[in-house]
Amino acid sequence: MSDYGTVKPFASSEVEKRPDQNVSTSLDTNGENIVRNDWTREEIAALFDQPFDDLVFQAATVHRANHKAGEVQLSTLLSIKTGGCPEDCGYCNQSAGAKSGLKAEKLLDVRTVLQSAAQAKDRGSSRFCMGAAWRNPKNRDMPAIIEMIKGVRQMGMETCMTLGMLTKEQSEMLSEAGLDYYNHNIDTSPEHYEKVITTRTFGDRLETLENVRNSGINVCSGGIVGMGETREDRVGFVHALATLPRHPESVPVNALVPVKGTVLGDMLADTPLAKIDDIEFVRTIAVARITMPASMVRLSAGRESMSESTQALCFLAGANSIFTGDKLLTTGNAGDDADETLFAKLGLVPMAAEQRDCALEAAE
Ligand code: SAM
Ligand code: DTB
Ligand code: SF4
């Protein structure tokens, strides 16, 4: 199988018959939503393998049965502790081992973080996501982290944090502070994981997700497409998320931002794999939407170098969340002006925090 699956549209001069449409869906015969956690890899591979228009149509149908079409949730990111990370994630310029020239910084003070959150709120964002370049938070960092959560919540915004691995006790502390979401990505398939990161295991990731889930915080977990993985790995990646005991409430799908000086940025530079094929990226979004119908699917990193039409296809295929602003954690993002233009062209509107909660409750 090629990296982009088994459909060979121009393989011969014969007119090819399109595959039978007997693929699994998450809608029952009345169009009602069924949340399934028993997806097989074969079923997920069959979803990916469909003709593109069938796949996107199916994903859009599932999307409309579970969410208000045209509404997109907006989150803003802030790096609260940048660089110098002891982990060796091959995609990340914040790893101490990366030679990207990024300057390591200490944990920001609470006031600075709250000022950024207030600006994000003024620009229409409903969720503030704070990220730290840590393997795990130290107990001495927890008081400041807790103050940040409480302060952002007091402004009426949802809070999200991504701080690396958490113990049960740390998850409980964050939950008690009122943290709404914790982001912890599985990043890729279990098989591809060790080719990208050696300082922790896929199992370590699942353990933190379990701690977060058990402490009652909403789970945000997804990964990166375009790290030189195969179609089979993308199937395994979606399968790992869609078979969790409970689907993540948010599923960020990032397109690799190839940064010079990182293992993957340098390895993939000037190869055909340097940029994920747009159609394959949209397919991944669509399959995530179909298999996790009630979750928010976030079109995450990589939008800065994505055309408007590819982004429009992602929204059609069920993406209903983005990061706003001109910066992600350390790299560039599309920016508010570009997004305002895009939303106006496509007739998309920002989703209010309460509406998001209703959509989830309705689907549960
Ligand atoms: N250190 C924490 C951790 O790894 O869990 C939190 C921060 S980390 C930067 C958050 C996520 O950003 C990673 O799990 C990865 O999926 C994504 N990410 C990092 N660098 C990226 C890049 N160059 N392109 C796309 N996504 C990236
Ligand atoms: C996620 O899945 N994507 C965001 C968020 N979770 C923390 C981070 C993307 C980071 C892209 C590289 C950077 O800006 O440093
Ligand atoms: Fe550290 Fe997170 Fe970057 Fe990995 S992704 S190097 S854990 S900041």
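Just so it is clear, the values below take in all heavy atoms, side chains as well, and ignore hydrogens, waters and symmetry mates. For ligands, and for the atoms within them, numbers begin at 1 and follow the listed sequence.
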request  = Give a yes/no verdict on whether any heavy atom in Leu77 is under 4.0 Å from an atom of ligand 2.
outcome  = yes
key: Polar side-chain atom of Asn320 near backbone of Val297 as donor-acceptor pair, under 3.5 Å   = yes
ask   = What part of Lys81, side chain, backbone, both or neither, has a heavy atom within less than 4.0 angstrom of ligand 1?
value = neither
query = Relative to the heavy atoms of Asn185, which atoms of ligand 2 are at a distance of less than 4.0 Å?
reply = 1 (C), 2 (O)
inquiry  = Within the 4.0 Å heavy-atom shell around Thr162, which atoms of ligand 2 are there?
reply    = 7 (C)
ask   = When you measure from atom 3 (N) of ligand 2 to every protein heavy atom, which one gives the shortest distance, and what is it?
value = Asn254 OD1, 3.0 Å
task = Would you check if the side chain of Thr199 reaches a backbone N or O of Asp88 as a donor-acceptor pair within less than 3.5 Å?
result = yes
For atom 20 (N) of ligand 1, closest protein heavy-atom neighbour = Tyr91 CD1, 3.4 Å
query = With a 4.0 Å cut-off, would you call Arg41 and Glu191 a salt bridge?
reply = yes
inquiry  = Heavy atoms only, cut-off 4.0 Å: how does Leu329 contact ligand 1, side chain, backbone, both, or neither?
reply    = side chain
query = Can you tell which of Arg205, Arg135, Met165, Arg200 gets a heavy atom nearest to atom 5 (O) of ligand 1?
reply = Arg205
ask   = Would you say Val257 and ligand 1 have an N/O pair spaced under 3.5 Å apart?
value = yes
query = Is Leu329 close to Gln94 at the side-chain level, that is, under 4.5 Å between some pair of heavy atoms?
reply = yes
task = Run the salt-bridge test on Arg303 and Asp339 with the 4.0 Å N-O cut-off and return the result as yes or no.
result = yes
query = Near Ile224, which atoms of ligand 1 are under 4.0 Å from a heavy atom of that residue?
reply = 15 (C), 16 (O), 18 (N), 25 (C), 26 (N), 27 (C)
ask   = Does Asn183, backbone or side chain, put an N or O under 3.5 Å from an N or O of ligand 1?
value = no
inquiry  = Counting only nitrogen or oxygen atoms and a 3.5 angstrom limit, does Gln94 reach ligand 1?
reply    = no
Any Met227 heavy atom less than 4.0 Å from ligand 1 = no
note = The atoms of ligand 1 lying under 4.0 Å from a heavy atom of Asn254, numbered in the order shown, are 25 (C), 26 (N)
key: Atoms of ligand 1, numbered as shown, that sit under 4.0 Å from any heavy atom of Trp134   = 1 (N)
message = For the residue pair Thr188 / Asp233, report whether a side-chain donor-acceptor contact shorter than 3.5 Å exists.
response = no
query = Should Gly222 be listed as contacting ligand 1, given a heavy-atom distance under 4.0 Å as the test?
reply = no
Those atoms of ligand 2 less than 4.0 Å from some heavy atom in Asn183 = 5 (C), 6 (N), 7 (C)
query = Within a radius of less than 6.0 Å around CZ of Arg135, do more than 12 heavy atoms belonging to other residues, nucleotides or ligands occur?
reply = yes
task = Would you check whether Arg135 reaches within less than 4.0 Å of ligand 3, judged by its heavy atoms?
result = no
task = Quick one: look up the protein heavy atom nearest atom 4 (Fe) of ligand 3 and list residue, atom name and how far away it is.
result = Cys89 SG, 2.3 Å
ask   = Who's the nearest protein heavy-atom neighbour of atom 8 (C) of ligand 2, and how far?
value = Leu329 CD1, 3.9 Å
inquiry  = Side chains of Asn93 and Thr330 only: does a donor on one sit below 3.5 Å from an acceptor on the other?
reply    = yes
task = Give the minimum heavy-atom separation between Gln73 and Ser75, together with the two atoms involved.
result = NE2-OG, 3.1 Å
task = For Ser125 and Thr76, indicate whether the former's side chain and the latter's backbone hold a donor-acceptor pair under 3.5 Å.
result = yes
request  = Report the part of Cys89 in contact with ligand 1, treating N, CA, C, O as backbone and CB onward as side chain, heavy atoms under 4.0 Å; options are side chain, backbone, both, neither.
outcome  = neither
request  = Enumerate the atoms of ligand 1 whose separation from the nearest heavy atom of Ala255 is less than 4.0 angstrom.
outcome  = 25 (C)
query = Between Tyr181 and Arg127, is there a cation-pi geometry (under 6.0 Å to ring centre, at most 45° from the normal)?
reply = yes
key: Nearest protein heavy atom with distance in Å, relative to atom 7 (S) of ligand 3   = Arg200 NH1, 3.3 Å
inquiry  = atom 1 (Fe) of ligand 3 and Cys92: any N/O/S contact shorter than 2.8 Å?
reply    = no
ask   = Which ligand 2 atoms are under 4.0 Å away from a heavy-atom of Pro252?
value = 2 (O)
ask   = With a 4.5 Å heavy-atom cut-off, do Phe237 and Val287 have their side chains touching?
value = no
task = Please work out whether any backbone atom (N, CA, C, O) or any side-chain heavy atom from C-beta onward of Asn93 is under 4.0 Å from ligand 1, and answer side chain, backbone, both or neither.
result = neither
ask   = Is Ala132 in polar range of ligand 1, meaning some N or O pair under 3.5 Å apart?
value = yes
inquiry  = Under 4.0 Å, counting heavy atoms only: does Gly164 come that close to any atom of ligand 1?
reply    = yes
ask   = Starting from atom 16 (O) of ligand 1, which protein heavy atom do you reach first, and at what distance in Å?
value = Asp187 OD1, 2.7 Å
ask   = To which protein heavy atom is atom 8 (S) of ligand 3 closest, and what is the distance rounded to 0.1 Å?
value = Ala133 CA, 3.5 Å
message = Would you say that Pro252 contacts Cys220 through its side chain, given a criterion of any heavy-atom pair below 4.5 Å between the two side chains?
response = yes
note = Under 4.0 Å from one or more heavy atoms of Asn185, ligand 1 contributes atoms 11 (C), 13 (C), 14 (O), 15 (C), 16 (O)
ask   = Is the closest side-chain donor-acceptor distance between Tyr91 and Asn254 under 3.5 Å?
value = no
remark   = Closest heavy-atom pair, Asn333 versus Phe323, reported as atoms and distance to 0.1 Å, is ND2-O, 2.9 Å
query = Considering residues, nucleotides and ligands other than Glu207, do more than 12 of their heavy atoms fall under 6.0 Å from its CD?
reply = no
query = What closest approach, in Å, do His67 and Pro293 show between heavy atoms, and which atom pair accounts for it?
reply = NE2-O, 2.8 Å
message = Among all protein heavy atoms in this structure, tell me which lies nearest to atom 1 (Fe) of ligand 3, with the distance rounded to 0.1 Å.
response = Cys85 SG, 2.3 Å
message = Nearest non-hydrogen contact with atom 11 (C) of ligand 2 belongs to which option: Ile224, Leu328, Thr330?
response = Leu328
Contact summary for Val251 and Ser295, nearest pair of heavy atoms = CG2-CB, 4.1 Å
task = Could you tell me if any non-hydrogen atom of Phe323 lies under 4.0 Å from any atom of ligand 2?
result = yes
inquiry  = Need the ligand 2 atom indices (1-based, order shown) with element for anything under 4.0 Å from a heavy-atom of Thr331.
reply    = 12 (C), 13 (C), 14 (O), 15 (O)
query = Is a salt bridge present between Glu147 and Arg111, judged by a nitrogen-to-oxygen distance below 4.0 Å?
reply = no
message = I'd like to know if the side chain of Gln170 pairs up with that of Asn139 as donor and acceptor (distance under 3.5 Å, no hydrogens or angles considered).
response = yes
note = With heavy atoms and a 4.0 Å threshold, my read on which part of Thr162 contacts ligand 1 is both
